[in-house]
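Take a look at the structure below.
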Amino acid sequence: MRQADQGWSVPMITHKLDRETQYRLSSQYAEPLEPDRTRPFSIYATGMILRAFAVHPTYRNSPAALIAANLLKSSFFQEHAYTSYHSAEYWVRFEYPFWWNNLVSAMDSLSRMGLTGKIRKSSWLWIGSKITRRKAAYGKYPT
């Protein structure tokens with residue numbers, strides 16, 4: 001669902017729910033849970049939704065997609081606002097095909113939208129591998 005900050009989130013994570021309620025809402029019939037739209041966007045939900053916009057020739061340039069893309073860019077290497085995948089380290093947990101949002105999947109979407117400037121796809125894949133090696137060698141990400 002679209003949040004007030006123009007990113008997206010999953011309604012259930014915008015609320016503080018106990019495990020029993022989370023389980024019930026996600027495994028049984030229940031009325032839809034409205035999101036708390038005042039909570040910040042989810043990096044992961046926004047990244048996943050942005051992928052759909054990025055591959056569409058018209059919607060990739062829509063105001064909603066461009067605003068969300070800039071939100072996503074501004075959150076690189078930041079911790080996630082919600083408890084699942086909270087750590088900034090998830091930015092460099094790569095997998096393919098893309099599932100969760102990470103640096104490579106985000107850059108893939110941004111490049112399809114023409115928002116990576118002069119960085120070519122081969123370059124950002126190289127950058128991702130360098131960041132991962134730096135983390136392994138020094139125990140932290142570059143800032």
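Computation of the quantities below employed the complete heavy-atom set of this structure, encompassing side-chain atoms and omitting hydrogens, waters and symmetry-equivalent molecules. What you see is a predicted model; the values in this text were computed from it and never measured.
With sequence neighbours excluded, no residue satisfies side-chain contact (heavy atoms from CB on, under 4.5 Å) with Asn61. Every residue was checked against the side-chain hydrogen bond (donor to acceptor under 3.5 Å, both in side chains) condition with Gln22, not counting sequence neighbours, and none meets it. Partners of Ser42 according to the side-chain contact (heavy atoms from CB on, under 4.5 Å) rule, which considers only residues two or more places apart in sequence or in another chain, are Ser9, Ile13, Tyr44, Ala45, His80, Tyr82. Glu34 pairs by the side-chain hydrogen bond (donor to acceptor under 3.5 Å, both in side chains) definition with nothing, not counting sequence neighbours.
No donor-acceptor distance shorter than 3.5 angstrom exists from the side chain of Arg60 to the backbone of Ala65, with no hydrogens or angles considered. At least one donor-acceptor pair under 3.5 Å links the side chain of Ser74 to the backbone N or O of Leu71. One N or O on the side chain of Gln6 and one on the backbone of Ala4 form a donor-acceptor pair closer than 3.5 Å. Not a single donor-acceptor pair under 3.5 Å links the side chain of Asp5 to the backbone N or O of Pro40.
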Test side chain to side chain contact (heavy atoms under 4.5 Å, CB included) on Asn101 and Leu72; report intermediate values, then the result.
CA-CA 10 Å; Asn101 191 53; Leu72 188 63; 3.5 Å; yes
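Here the straight-line distance linking atom CG of Leu66 with atom CE of Met113 works out to 5.0 Å at 0.5 Å rounding. Atom CZ in Arg39 sits 5.5 Å away from atom NZ in Lys16 (nearest 0.5 Å). Note: Phe76 CZ to Ile43 CD1 = 10.0 Å, rounded to the nearest 0.5 Å.
Grouping Ile, Leu, Val, Met, Phe, Trp and Tyr residues whose side-chain heavy atoms lie under 4.5 Å apart, directly or via other members, places Leu25 in a hydrophobic cluster with Met12, Leu17, Leu33.
For OH of Tyr59, the number of neighbouring non-hydrogen atoms (other residues, nucleotides, ligands) closer than 6.0 Å is 12 at most. Within a 6.0 Å sphere centred on CD of Glu20, other residues, nucleotides and ligands contribute 12 heavy atoms or fewer.
Aromatic ring orientation, Phe77 versus Trp91: tilted (interplanar angle from 30° to 60°).
When all heavy atoms of Ala69 and Leu110 are compared, the closest pair comes out as CB-CD2, 3.6 Å. Shown here for Thr14 and Asp36, the closest heavy-atom pair between the two residues is OG1-N, 2.9 Å.
Remark: aromatic rings of Trp8 and Phe41 are distant, center separation not under 6.0 Å.
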Please tabulate, for side-chain N and O atoms in residues 47-54, each donor-acceptor pair with protein atoms closer than 3.5 Å (sequence neighbours left out).
residue: Arg51; atom: NH2; partner: Trp99; partner atom: O; Å: 2.9

